[in-house]
Amino acid sequence: MKRPMSEIELVEGFSNALDNGHIYICIQPQINHATGRMVGAEALMRWSDPELGIQFPGDFVPVLEKHDLIYRADLCVFEQVCNFQREQLDTHANIVPVSVNLSRYDIYHRDYIDQIEFIRRKYNIPVKYLRIEITESSAIGGMELVQSVVDKLHEYGYLVEMDDFGSGYSSLNVLKDLEVDIIKLDMRFMQGEIGGRGGIIISSIVQMAKWLKTIIIAEGVETMEQADYMKSIGCNYIQGYIYSKPVPADEFREMLKTTHHEPLKPAMKMIQEMDAGKFWNPDTLETLIFSNFVGGAAIFTYDREKKALDVLRVNEKYLTELGMNQSESDIIHEDPWWCFGEDAKSKYIACLEQAIDSNEEAVCETWRNITSKCCGDDKVCIRTTMRKIGSTDNHYLIYSMIQNITSEKRRFIEVSESEKKFRMAGEHANIYAWEYEIATKKMRPCFRCMRDLSLPPLIENYPEPVIESGLFPADYADMYREMLHRIDEGSPAEEAVIPLTVGRIPFIVRYSTEFDENGKPVKAYGSATLIVDNDKIEKETEELIKEGQ
């Protein structure tokens, strides 16, 4: 640049610059950092005076705005982009969508959108190859007007981008009220140290954009560290000097020849029945159901490539089921895997993968080591039912419900261990064992009972089927019924000698009763121990000795 043009020079030379191509476009690519492929580009206005050289946009754009000339310059840029895209189409060359800026001053020219639509049709460019960018500052102070412009652009089929998001003071209000298709994130948040408070804000914006089904592009990315960080939080689309500065149209045309391209992929797609807007609204039925009627429930995202979870929301019943006085903050801000051992983590991931691939519910049970400041450490078993409710690329939105089954599992383990030990002892001591449910009159026999006495795994209306089978002799049947009746009435223990089977082999039959917290009998554990006849054993031994002699 030889020197900046003065305000008078800029205004007086403007028409000549338009007519002679001194105002022209440079194009900067937008790249998917995960694949290295181009997904689009942005056209930027440049001015080169034959005598005074390149002029900085920061010098000439404010002057054009001040003198109400910017809309003519923006129309010129739009026409140059259409001409570029027409040449690409006519030569069957590679083509990507190109974004064109619409300034806040253009918005006040009520026929501006009709004018760009006229130009597009003149060049016969499919609308999918053009995007319109509005700046966040355009919306401040004139939201209704801007929304009408966005609506009209949508009617014509244009995708609308919000440029410089985060640079103003009302970003969230603007995003709430304007239904834009793409957010271009201002990377000034990331100046200085990567991460920190700026990183937290950016990560939150990326997650929020997914819920709004809005594509997000990080603009102004200059270093690999910044690009990798954006990719790590789920924003793959990058525009900035790390890949390319804005280049003249001919140079960009050559770039298209050597760079693979792909379409922008939509943000997280929800299942048909799921409306994210209603779900996050505290006054909707969806939120009422989530908070009060569905048991312990959570919403989280799953990065399939990194095997990473990010908990977005839990309800009160989730915290109750998990126990250990956990808070919602504890769950959301801690590493979700901190309480999982390696085996439990592998099991949980396998269940997630099943839910994703099948598009149906998947269930798993995992032991977790929970720690809280007030309650110390505990090991709990959680049954999780999960289902995919949204997806984009390798990221999935998962709805899960949990049930704390620790007591049930520990009881099962205790019974299994007792049964195992009892079975082993019974094999050596000629003992049969069974479990009797008092309320239902169901009997569950041990392995030896089923093996030696041909009993089924479950006997209903006990003891009648066993009496009918002849296991209890008829003359002892009433005695045994009375024994069980006393157990039903709350006797803590019963014992009797009863001959069993048609061989009338004597056994000691014993019962011990289990009571609930109210003292009501719930179960009884029975056993039958063979009575050994020592005289008979000695006689049989003597006979064997004689036979051996």
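Considering D74, N101, V100 in turn, D74 is the only one that fulfils the side chain to side chain contact (heavy atoms under 4.5 Å, CB included) rule with M45. A side chain to side chain donor-acceptor pair (under 3.5 Å) with E117 holds for exactly one of Y156, Y112, Y158; it is Y158.
Considering only heavy atoms from C-beta on, V96 comes within 4.5 Å of L256 through its side chain. Looking only at side-chain heavy atoms (C-beta outward), C26 and V247 stay at 4.5 Å or farther from each other. Y348 has its side chain within reach of C364: a pair of non-hydrogen atoms, C-beta onward, lies under 4.5 Å apart. Residues R120 and I116 have side chains not in contact (no heavy-atom distance under 4.5 Å, counting atoms from C-beta outward).
Between the side chains of N94 and K257, no donor-acceptor pair of N or O atoms lies under 3.5 Å. Checked by atom type, the side-chain pair Q28/E42 shows no donor-acceptor distance below 3.5 Å. Defined by atom type and a distance below 3.5 Å, a donor-acceptor pair is missing between the side-chain atoms of Y108 and D68.
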Self-check item: ring-ring contact (aromatic ring centres under 6.0 Å, His included) between Y105 and Y71, intermediate numbers included
Solution: CA-CA 7 Å; Y105 297 92; Y71 81 98; over 10 Å; no
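Classification of the Y396-Y302 ring pair by plane angle, with boundaries at 30° and 60°, yields tilted.
Heavy atoms only, all atoms of each residue included: V314 and V311 are closest at CG1-CG1, 3.8 Å. Counting all heavy atoms, side chain and backbone alike, A308 lies closest to W337 at CA-NE1, 4.2 Å. Here the closest heavy-atom approach between residue E179 and residue H154 is recorded as O-CE1, 2.9 Å. The shortest non-hydrogen separation linking D106 to S103 is OD2-N, 2.8 Å.
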